[in-house]
Amino acid sequence: MDKLEGYYFSGLLSGCFLLSSLLFTKITHQQKDPYMDEIFHIPQAQLYCQGHFNQWDPMITTLPGLYLASVGMVKPAAWLLGWSENVVCSCGMLRFVNLLFNLGNLYVLYLILCKINCKTKVSSLKKILSTLTLYVFPTFYFFTFLYYTDTGSTFFVLFAYLMCLYGNHKCAGLLGLCAFFFRQTNIIWIIFCAGNVISEKLTEAWKTQLKKQDEKPSARGSFSEAMEALVFLFQYCLSVRNIIILVQLTWPYITLVLGFFAFLAFNGGIVVGDKTSHEACLNFPQLFYFFAFTLIFSFSHLFSPQKLKDFIKSVLKRPLIYMALAGISVILIWKFTHVHKYLLADNRHYTFYVWRKIFQRHELVKYLLVPGYLFAAWSLADSLKGKSVFWLVMFYSCLLAAVVPQKLLEFRYFIVPYLIFRLNIPIPSVSKILFELALYVAVNIFSFYLFLHKTFQWPDSDQVQRFMW
């Protein structure tokens, strides 16, 4: 970054930390005790603070990455500053760990944006505004202030992706291991990093072959391009030398994946602890929910009158393909919609109201939304048309693997795939970024207002309940 941009970013970093610290103080003052999943995470972290590493709450389903990282941060602080055990492992101090992780996320998001857009002229203002916008992405930002795994998990995934983009694959593998210890499903995004390396190599080799044969590539995103890429991939993989080169490039990620399979065999599944409430299934509509979620939060990028016209033209040009896609979508919704017991039982989550007010309004509603899903999917794909076909295959494969096995509709499961998508689309005009930022800020204000001021109680409990993502 140039000197002036460095000043801008330093101001952004300081301002975000100050504002987040003020909001953190307000939330921690209002909600002093552990809330929601914190009732499992905070006592477990406190056990680790006391050195009881052999004690484990069987209700926790993730590996102990968050607790180990927390102890690694707060224990040296306690020793340096002379804090007592009660202070250093308190609910507020453990939550503060996530505030530090999110500050790291701000920096990593900025560096990724700079790296991805290094070959195009993007103004400092656009990069700073885009970074700020992604930092305050509502679902992502909300969990900064609670002791959940999301913030630290996202930090290590994004950091691993950054190192992958810079070609430091050993470091990326190590960071990927950290991400895995925060959340086991992060192995998917480690595979994505490997796929990013492979897609670069394949794209480079394909371009070289086209130049040698003096051929022009097919139109981006066309069916013919996909078929040509498939044929090239088959031919490329027939060479043992090519396979060896790919393995040499991606061995840190391959090692992690092999370790993951060993973990599955040893653990008897991906979930540790309470396996009954987190069973994997084929919940294909989760993909449609993600498309709708992305359309809403990237509205300024994915929707415009021109995009709508282009979509209608595409439908009219290929009616049979879209009819087939609509038919397949209806069948997937009909046969593979799963409703988790937590979704219907917990009225503190926004998803409870989304499901009750929209999907349970009438049996046909979930099918009537199919045209909207198709538009959202088309618009998302249209925004990524600048990426290579190999990159797209890897991204969509990882997206499927990340969301489809999830039985529970939980918006925070969309955080990482949404950020990966958003980082890889071209940076738009300042006006569009400002519109997106205004939307995020408005949603955050509404979310924190509900959480802090619209509390309620259940008839059978004296505890204060709060609305949240």
Side-chain angles (χ1 to χ4, degrees), residues 1-3 5-6 8-10 12-13 65 69 100-124 126-128 130-135 140 151-182 186-208 245-257 259 384 386-388 390-395 398 415-427:
M1 69 177 81
D2 58 41
K3 194 172 182 180
E5 189 175 330
Y8 289 155
F9 183 75
S10 297
L12 175 67
L13 196 69
L100 297 177
F101 270 129
N102 212 37
L103 205 63
N105 279 321
L106 177 68
Y107 190 43
V108 173
L109 285 167
Y110 173 74
L111 292 177
I112 293 174
L113 278 171
C114 291
K115 179 60 178 174
I116 290 175
N117 296 281
C118 64
K119 293 180 181 178
T120 57
K121 279 191 174 183
V122 179
S123 69
S124 299
K126 283 186 179 182
K127 285 187 281 189
I128 296 294
S130 293
T131 303
L132 174 60
T133 301
L134 292 178
Y135 175 74
F140 178 45
T151 309
S153 168
T154 304
F155 171 76
F156 282 110
V157 169
L158 292 177
F159 203 174
Y161 182 40
L162 176 66
M163 291 296 101
C164 170
L165 292 174
Y166 274 98
N168 193 340
H169 303 302
K170 292 177 185 176
C171 187
L174 183 60
L175 291 164
L177 179 63
C178 295
F180 176 75
F181 267 88
F182 270 70
N186 283 336
I187 192 67
I188 294 164
W189 301 108
I190 304 312
I191 294 171
F192 170 76
C193 288
N196 192 76
V197 178
I198 293 169
S199 69
E200 283 184 3
K201 193 68 179 175
L202 289 173
T203 303
E204 181 185 323
W206 192 18
K207 286 180 179 178
T208 303
I245 289 171
L246 293 180
V247 170
Q248 287 174 338
L249 285 171
T250 59
W251 70 263
Y253 310 110
I254 293 172
T255 304
L256 277 180
V257 173
L384 291 170
K387 310 299 286 188
S388 74
F390 303 110
W391 188 95
L392 291 172
V393 167
M394 182 52 63
F395 174 71
C398 290
I415 291 173
V416 172
Y418 178 82
L419 289 175
I420 295 292
F421 158 75
R422 181 62 183 77
L423 286 164
N424 280 281
I425 64 174
I427 295 181

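Just the heavy atoms: all of them, side chains too, but no hydrogens, waters or symmetry mates, feed the values below.
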Of the non-hydrogen atoms in S124 and Y8, which two are nearest, and what is the gap between them?
CB-CD1, 4.4 Å

Does a sphere of radius 6.0 Å around NZ in K201 hold more than 12 heavy atoms from other residues, nucleotides or ligands, not counting ones at 6.0 Å or beyond?
no

To the nearest 0.5 Å, how far apart are CD1 in I112 and OG in S130?
13.0 Å

L423 and L158, any side-chain heavy atoms less than 4.5 Å apart
yes

Using the ring of each side chain (for Trp, its six-membered ring), is F395 parallel, tilted or perpendicular to W391, with breaks at 30° and 60°?
parallel

Rounded to the nearest 0.5 Å, how far does NE2 of H169 lie from OG1 of T250?
8.5 Å

Donor-acceptor pair between K127 and N117 side chains, under 3.5 angstrom
no

Nearest 0.5 angstrom please: C114 SG to L165 CG, how far?
12.0 Å

Between G176 and I190, the two heavy atoms sitting closest are CA-CD1, 3.2 Å

d(Y161 OH, I116 CD1) to nearest 0.5 Å is 4.0 Å

Given side chains that start at C-beta, do those of Y110 and L134 come closer than 4.5 Å, heavy atoms only?
no

Quick one: OG1 on T131 to OH on Y107, what's the gap to the nearest 0.5 Å?
11.5 Å

Exam field: side chain T203 to backbone E200, donor-acceptor pair closer than 3.5 Å:
no

Over 60° means perpendicular and under 30° means parallel, so classify the ring planes of W206 and F390, tilted if in between.
perpendicular

Is the closest side-chain heavy-atom distance between C178 and F159 below 4.5 Å?
no

Hits for side-chain contact (heavy atoms from CB on, under 4.5 Å) against T133, two or more places apart or cross-chain, chain-then-number order -> I433, E436, L437, Y440

Do you know the tightest heavy-atom contact between N186 and A179?
ND2-O, 2.9 Å

On a heavy-atom basis, which atom in N196 and which in C164 lie closest, and how many Å separate them?
ND2-SG, 4.0 Å

Test I420 against F192 for side chain to side chain contact (heavy atoms under 4.5 Å, CB included), laying out the working first.
CA-CA 10 Å; I420 295 292; F192 170 76; 3.7 Å; yes

Indicate the ring-plane relationship of F156 and F101, choosing parallel, tilted or perpendicular according to the 30° and 60° boundaries.
perpendicular

Student check: side-chain heavy atoms of L12 and Y135 closer than 4.5 Å
no

How about K115: does its NZ atom have over 12 heavy atoms from other parts shown lying under 6.0 Å from it?
yes

Would you call W189 and P417 a side-chain contact if the rule is heavy atoms closer than 4.5 Å?
yes

In terms of heavy-atom contacts, L175 and M163 come closest through CD1-CG, 3.6 Å

I245 side chain near L249 side chain, heavy-atom distance below 4.5 Å
yes

Going by atom types alone, do N105 and T151 pair a side-chain donor with an acceptor below 3.5 Å?
no

For a quick test of reading the model, state the closest non-hydrogen atom pair linking G173 to P252 and the distance between them.
CA-CB, 4.4 Å

If you round to the nearest 0.5 Å, how far is CG of L13 from CG of L103?
4.5 Å

With a 4.5 Å cut-off on side-chain heavy atoms, are I191 and Y253 touching?
no

